[in-house]
Amino acid sequence: MNRILTKRQLTPETALFEVEAPRIARRWKPGNFIIIRPTPDSERIPLTIVGGNAERGTITMVVQAIGKTTRITVALNEGDSLADLVGPLGEAASIENVGRVLCIAGGVGVAELLPVARAFGEAGNFVTAMCGARSTAQMILDEELRQAASEVVWATDDGSHGFHGNVVQCMRDWITRNPKPDLCHVIGPIPMMRFSAELTREWGVRTYASLNPIMIDGTGMCGGCRVTVGGKVRFACVEGPEFDAHQVDFDELARRNRAYLAEERQVLESHTCRIGLGA
Ligand code: FAD
Ligand code: FES
Ligand code: MG
């Protein structure tokens, strides 16, 4: 179970995996996620379901190595099996036919955006996928996005491809030449989601953000993924991860996601040190 059938290294830090998961492959919807443990003694981490193939009985996930557990996951290879995998979890993304949809993503959020952009396109919308990366070397899934969306706009921090600047600057530039979208969907690092949402509030455009709080059980029991939306407590794993971006308390989300930085740094250092010793 949970065997890795194919692995594709997208960048030095990011890999795409096709994993055996026949029941999830039949039931998943864009916006759903899974919770995995790469090895039996790993912690649990949430990952978006990027794709699924019911005939092959597989799902696709894209992992960016940023800490101990994602590094262990990215180091897995074809033929290895994940220790466990639970899903599909969360509510599906809100997909409707509104006309023009702007889908905005940064970093590994580009992978998470792909199924959502495709679903908006299949629903009959003109979809612009606007994606940010540090540099050309960190751009992922460009070809897949071009097949899924009506147009793809890239912004790179160093100007090596597309717009020179971050995604929010790119949005400000793009709106000078394009009609206002009817709906926006944003996913990525918290500051990027916050500033995108502030801008679309100025535009007066309804916007959904797919949030990334710390998740542990993914079933609404532990409270780890608590977020505040419109002054109300919500649990992103069962009521989200997508919420009205104009109502999200991004300050609280940023604070809670930084709560264990010291511990995360410590386990990563000890993991890196053991790898150095050949463990
Ligand atoms: P750590 O060093 O432990 O943590 C680094 C940072 O990641 C932390 O500071 C914290 O902000 C965040 N984090 C840590 N533990 C968790 C946790 N249990 N849950 C959520 N965030 C955590 N990443 C991808 O690469 N691809 C995806 O498709 C993807 N989809 C996601 C979907 C959802 C619904 C959520 C909530 C997160 C998603 N993430 C995705 C983020 C991914 O879960 C974190 O990068 C990962 O948990 C970090 O684990 P770590 O041990 O490697 O890093
Ligand atoms: Fe435990 Fe959401 S992850 S309540
Ligand atoms: Mg961790």
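Because the structure is a prediction, the values reported are computed rather than measured. FYI, the numbering just counts along the sequence from 1. Counting starts at 1 for both ligands and their atoms, following the listed order.
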Salt-bridge present ([X], [Y]; N to O < 4.0 Å):
X      : Y      : answer
Arg37  : Asp41  : no
Arg146 : Asp142 : yes
Arg8   : Glu144 : yes
Glu252 : Arg226 : yes

Contacting atoms of ligand 1, where contact means under 4.0 angstrom from a heavy atom of [X]:
X      : result
Glu43  : 3 (O), 51 (O)
Ile66  : 5 (C), 6 (C), 7 (O), 45 (O)
Arg44  : 18 (N)
Thr48  : 27 (C), 28 (O), 29 (C), 30 (N), 31 (C), 32 (C)
Val63  : 25 (O)
Thr69  : 50 (P), 51 (O), 52 (O)
Leu261 : 9 (O)

| Which atom, among the N/O/S set of Glu43, is closest to the Mg ion (ligand 3)? | OE2
What protein heavy atom is closest to [atom], reported as residue, atom name and distance in Å?
atom                    : result
atom 36 (C) of ligand 1 : Pro213 O, 3.2 Å
atom 22 (C) of ligand 1 : Ile214 CG1, 3.8 Å
atom 53 (O) of ligand 1 : Gly67 CA, 3.3 Å
atom 18 (N) of ligand 1 : Met215 O, 2.8 Å
atom 52 (O) of ligand 1 : Thr70 OG1, 2.5 Å
atom 8 (C) of ligand 1  : Glu264 OE1, 3.1 Å

Going by the atom numbers of ligand 2, which of them fall below 4.0 Å from some non-hydrogen atom of [X]?
X      : answer
Gly220 : 4 (S)
Ile216 : 3 (S)
Gly218 : 1 (Fe), 3 (S)
Gly223 : 1 (Fe), 4 (S)

Verify, without hydrogens or angle tests, whether [X] (side chain) and [Y] (backbone) share a donor-acceptor contact under 3.5 angstrom.
X      : Y      : result
Asp84  : Ile36  : no
Thr228 : Gly231 : no
Glu239 : Phe235 : yes

| task | Please determine if the Mg ion (ligand 3) has an N/O/S atom from Glu264 lying under 2.8 Å away. | result | no
Between [X] and [Y], what is the shortest heavy-atom contact and its length?
X      : Y      : result
Ala148 : Leu114 : CB-CD1, 3.9 Å
Ala15  : Lys7   : CB-CE, 3.9 Å
Phe17  : Thr73  : CZ-O, 3.3 Å
Val116 : Ala93  : CG2-CB, 4.1 Å

May I ask which of [options] has a heavy atom nearer to [atom] than the others do?
atom                    : options                       : value
atom 10 (C) of ligand 1 : Val110, Asn257, Thr60, Val108 : Asn257
atom 47 (O) of ligand 1 : Leu47, Leu211, Ile45          : Ile45
atom 39 (N) of ligand 1 : Pro46, Gly107, Ala254         : Pro46

| said: Using atom 2 (Fe) of ligand 2 as the vertex, how large is the angle between SG of Cys225 and SG of Cys237, rounded to 10 degrees? | reply: 100°
| Geometric N/O contact Asn212 with ligand 1, under 3.5 angstrom | no
Greater than 12 external heavy atoms within 6.0 Å of [X]'s [atom1]:
X      : atom1 : result
Glu55  : CD    : no
Gln266 : CD    : no
Glu143 : CD    : no
Arg27  : CZ    : no

| task | Give the contacting part of Gln64 toward ligand 1: side chain, backbone, both or neither, where contact means a heavy-atom distance below 4.0 Å. | result | both
| query | Does Glu112 approach ligand 1 within less than 4.0 angstrom via side chain, backbone, both or neither, non-hydrogen atoms only? | reply | side chain
| Which atom of Asp217 approaches atom 1 (Fe) of ligand 2 most closely (N/O/S) | OD1
| Heteroatom test (N, O or S) for Cys222 near atom 2 (Fe) of ligand 2, limit 2.8 Å | no
| Strictly under 4.0 Å, does any heavy atom of Val62 approach an atom of ligand 1? | yes
| message | If we only consider heavy atoms of Ile216, is any one of them less than 4.0 Å away from an atom in ligand 1? | response | no
| Side chains of Ser135 and Ser160: do they bring a donor and an acceptor to under 3.5 Å? | yes
| query | Relative to ligand 2, is Met221 under 4.0 angstrom through side chain, backbone, both or neither, heavy atoms considered? | reply | backbone
| said: Test side-chain hydrogen bond (donor to acceptor under 3.5 Å, both in side chains) on Glu242 and Ser210; report intermediate values, then the result. | reply: CA-CA 4 Å; Glu242 178 192 278; Ser210 185; over 6 Å; no
| query | If you draw the axis of the six-membered ring of Phe250, does the NZ or CZ of Arg194 fall within 45° of it and under 6.0 Å from the ring centre? | reply | no
